[in-house]
**Student:** 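There's a structure below that I have some questions on.
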Amino acid sequence: MIKLATWNVNSLKVRLPQVLQWLGDNPVDVLCIQETKLTDDKFPAAEIEAAGYQVVYTGQKTYNGVAILSKHPIDAVVKNNPLFEDDHQRIISATIQGMRIVCAYVPNGQSLESDKYQYKLKWLASLHDWIQQELTLHPQLALLGDYNIAPEDRDVHDPAAWEGMNLVSPPERAALQKLIDLKLTDSFRMFEQAEKSFSWWDYRQLGFRLNKGVRIDHILLSEPLAARCTSCVIDRVPRKWEQPSDHAPVIATLD
DNA sequence: ATGGCAGCCATAGGCTGA
């Protein structure tokens, strides 16, 4: 059995104690982290290694930054999407236990009128082309991360209020569907789930307490991995801790 | 219509996140 997880920690500098606590409580095999917001020289590798995890990372000042933590050896690390020129550090991938693990932090997009939205769509289109290539090389592939896209209306607390907005707009959903069309499966929807299951809640206006959230953090599995997947859950526990990340971890279990 | 919370950088308040 192997457990793969993803968590947008919204600053690893602030959240490192919570990451270590969470890994102690949930000793997953692989944890993909987004929004480290740390340059590589400031990355807390020693503390993570002391907790029994190997780690690879690529970061920058203030924004973005991704990492893969693993109990098992990490091989063939690639930073970013080789097909996409990008100033941002948003992707890191590696081979672990024969699986290609891709950790991604999809651009937020801000709003449909923003240049950042166009960047998001271009970024996703290139991610598609690259993942398509990667799947031919690595049939056992997992794409984990913060997609900044809620796939369906049931992934949004108030679909009417959100209609057409950033995170749910049809072009973004179409881009996610194109990824899924590469025979990837949203592992969360392989299983019966509670209604109104979300992975992000706004810090403002009691978002978490009122469960006003969206499900934007996903674990997509290629066919051979989906065939082994026995569960996928969102862990809301660390969202209840003091000074939490606004995202909750998502965990997929594979036989 | 705006800001609301949090983090960052920088040391005030603007930018970004989602």
Side-chain angles (χ1 to χ4, degrees), chain A residues 6-19 22 32-44 57-67 86-91 103-124 127 144-173 175-176 186 188 196-218 234 236 238-250:
Chain A
T6 181
W7 192 8
N8 179 325
V9 297
N10 186 19
S11 169
L12 186 57
K13 182 183 172 188
V14 172
R15 227 68 65 194
L16 178 63
Q18 296 194 20
V19 170
W22 189 79
C32 294
I33 284 179
Q34 302 85 39
E35 283 208 85
T36 60
K37 302 187 178 182
L38 289 171
T39 50
D40 291 352
D41 59 306
K42 296 198 165 71
F43 193 92
Y57 46 90
T58 184
Q60 65 187 87
K61 200 171 170 180
T62 311
Y63 304 118
N64 310 313
V66 285
D86 198 348
D87 294 336
H88 295 182
Q89 302 304 311
R90 293 181 174 277
I91 297 178
C103 171
Y105 176 44
V106 176
N108 173 281
Q110 199 166 61
S111 73
L112 273 61
E113 299 75 30
S114 171
D115 293 343
K116 296 188 181 75
Y117 182 79
Q118 295 307 320
Y119 164 67
K120 181 181 194 176
L121 293 180
K122 288 196 184 86
W123 195 98
L124 284 163
L127 177 68
L144 307 90
D146 176 357
Y147 287 68
N148 272 312
I149 302 170
E152 300 176 68
D153 281 353
R154 61 178 165 160
D155 300 311
V156 181
H157 68 91
D158 184 349
W162 280 77
E163 191 179 359
M165 306 265 283
N166 189 48
L167 307 188
V168 306
S169 69
E172 297 168 66
R173 285 180 165 172
L176 176 56
D186 177 358
F188 190 74
K196 299 191 182 297
S197 290
F198 306 126
S199 68
W200 175 88
W201 302 262
D202 203 309
Y203 286 121
R204 296 164 289 188
Q205 295 176 316
L206 304 172
F208 182 66
R209 207 179 307 180
L210 301 174
N211 196 29
K212 290 184 171 176
V214 288
R215 190 176 70 91
I216 56 176
D217 299 273
H218 309 302
I234 297 169
R236 296 161 55 99
R239 189 64 177 77
K240 301 171 187 171
W241 292 345
E242 291 262 328
Q243 201 179 6
S245 167
D246 41 1
H247 294 255
V250 185

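Every chain is numbered from 1, with letters handed out A, B, ... down the list of sequences.
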**Student:** Which one, dC8(B), dA18(B), dG7(B), comes nearest to the side chain of Asn108(A)?
**Tutor:** dA18(B)
**Student:** Contact class for Tyr105(A) (heavy atom, under 4.0 Å): base, sugar-phosphate, or nothing?
**Tutor:** sugar-phosphate
**Student:** On the nucleotide dG7(B), are OP1 or OP2 found under 4.0 Å from the side-chain N or O atoms that Gln243(A) carries?
**Tutor:** yes
**Student:** Taking Glu172(A) for its side chain and Leu167(A) for its backbone only, find out whether a donor-acceptor pair lies under 3.5 Å.
**Tutor:**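 Yes, because the side chain of Glu172(A) sits within donor-acceptor range (under 3.5 Å) of the backbone of Leu167(A).
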**Student:** Under 4.0 Å from OP1 or OP2 of dA18(B): is there any side-chain N or O of Tyr117(A) that close?
**Tutor:** no
**Student:** Round to the nearest Å and state the distance from Asp115(A) atom CG to dT16(B) atom P.
**Tutor:**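 The answer, rounded to whole Å, is 11 Å.
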**Student:** Between dT2(B) and dA12(B), how far is it from one P atom to the other, in whole Å?
**Tutor:** 27 Å
**Student:** DNA chain B: Thr36(A) or Pro107(A), which has the more 5' nearest nucleotide?
**Tutor:** Thr36(A)
**Student:** Quick check for you: among dA18(B), dC9(B), dT16(B), whose closest atom lies nearest to any side-chain atom of Lys61(A)?
**Tutor:** dC9(B)
**Student:** Taking a pair as Watson-Crick or G-U wobble with both distances under 3.5 Å, which nucleotide is matched to dG14(B)?
**Tutor:**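 dG14(B) is paired with dC8(B).
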**Student:** I need the minimum non-hydrogen distance between Thr36(A) and Phe43(A), along with the two atoms involved.
**Tutor:**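 Looks like CG2-CE1, 4.2 Å.
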**Student:** Can you find a side chain N or O atom of Thr62(A) that sits less than 4.0 Å from OP1 or OP2 on dT16(B)?
**Tutor:** no
**Student:** Atom CG of Asn10(A) to atom C1' of dC15(B): distance rounded to whole Å?
**Tutor:** 14 Å
**Student:** For Leu12(A) and for Asn166(A), find the nucleotide of DNA chain B with the closest heavy atom, then tell me which residue's nucleotide is more 5'.
**Tutor:** Leu12(A)
**Student:** Rounded to the nearest Å, what distance is computed from the CE atom of residue Met165(A) to the C1' atom of nucleotide dG17(B)?
**Tutor:** 14 Å
**Student:** With a 4.5 Å limit on heavy-atom distance, are the side chains of Arg15(A) and Asn10(A) in contact?
**Tutor:** yes
**Student:** Verify whether one side chain among Asp217(A) and Asn8(A) offers a donor that lies under 3.5 Å from an acceptor in the other.
**Tutor:** no
**Student:** In whole angstroms, how far is the C1' atom of dG17(B) from the CH2 atom of Trp201(A)?
**Tutor:**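 Rounded to the whole Å, the gap is 16 Å.
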**Student:** Just how far, in rounded Å, is P of dG7(B) from CG of Asn64(A)?
**Tutor:** 17 Å
**Student:** Using a heavy-atom cut-off of under 4.0 Å over every strand shown, decide if Arg215(A) touches base, sugar-phosphate, or nothing.
**Tutor:** nothing
**Student:** If we only count heavy atoms from C-beta on, is the Pro238(A) to Pro249(A) side-chain gap below 4.5 Å?
**Tutor:**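 They are in contact (side-chain heavy atoms under 4.5 Å apart), so the answer is yes.
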**Student:** Using a cut-off of strictly less than 4.0 Å between a heavy atom of the residue and any atom of DNA chain B, enumerate the qualifying residues of residues 202-213 of chain A by number.
**Tutor:** Tyr203(A), Arg204(A), Gln205(A)
**Student:** In whole Å, what separates the C1' atom of dA1(B) from that of dT11(B)?
**Tutor:** 30 Å
**Student:** Counting side-chain heavy atoms from C-beta on, which of dG7(B), dA18(B), dA10(B) comes nearest to Asn8(A)?
**Tutor:**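 The answer is dA18(B).
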**Student:** Watson-Crick or G-U wobble partner for dA1(B), using a 3.5 Å limit on both distances?
**Tutor:**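 Partner of dA1(B): none found under 3.5 Å.
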**Student:** Would you indicate whether the side-chain heavy atoms of Val250(A) and His218(A) approach each other to under 4.5 Å?
**Tutor:**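 No, their side chains stay 4.5 Å or more apart.
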**Student:** Strictly below 4.0 Å: does Asn148(A) bring a side-chain N or O up to OP1 or OP2 of dA18(B)?
**Tutor:**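 Checking dA18(B) against Asn148(A), a side-chain N or O does come within under 4.0 Å of OP1 or OP2.
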**Student:** Expressed as a whole number of Å, how far does the P atom of dG4(B) sit from that of dA10(B)?
**Tutor:** 23 Å
**Student:** Rounded to the Å, how far apart are Leu16(A) CG and dG7(B) P?
**Tutor:**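 It is 14 Å, rounded to the nearest whole Å.
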**Student:** Can a side chain N or O of Lys116(A) be found less than 4.0 Å away from OP1 or OP2 on dT16(B)?
**Tutor:** yes
**Student:** Quickly work out the Gln60(A) CD to dC15(B) P distance and round it to whole Å.
**Tutor:**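 That distance rounds to 18 Å.
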**Student:** Hey, do the aromatic rings of Trp241(A) and Trp22(A) have their centres closer than 6.0 Å?
**Tutor:** no
**Student:** Look at the side chain of Trp7(A) and the backbone N and O of His247(A), then say whether any donor-acceptor pair between them is shorter than 3.5 Å.
**Tutor:**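 Indeed, once roles are kept as given, a pair shorter than 3.5 Å links the two residues.
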**Student:** Expressed in angstrom and rounded to an integer, what is the separation of Arg239(A) atom CZ from dA18(B) atom P?
**Tutor:**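 About 12 Å, once rounded to whole Å.
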**Student:** Whether Arg173(A) and Asp153(A) form a salt bridge (side-chain N of Lys/Arg under 4.0 Å from carboxylate O of Asp/Glu) is what I want to check.
**Tutor:** yes
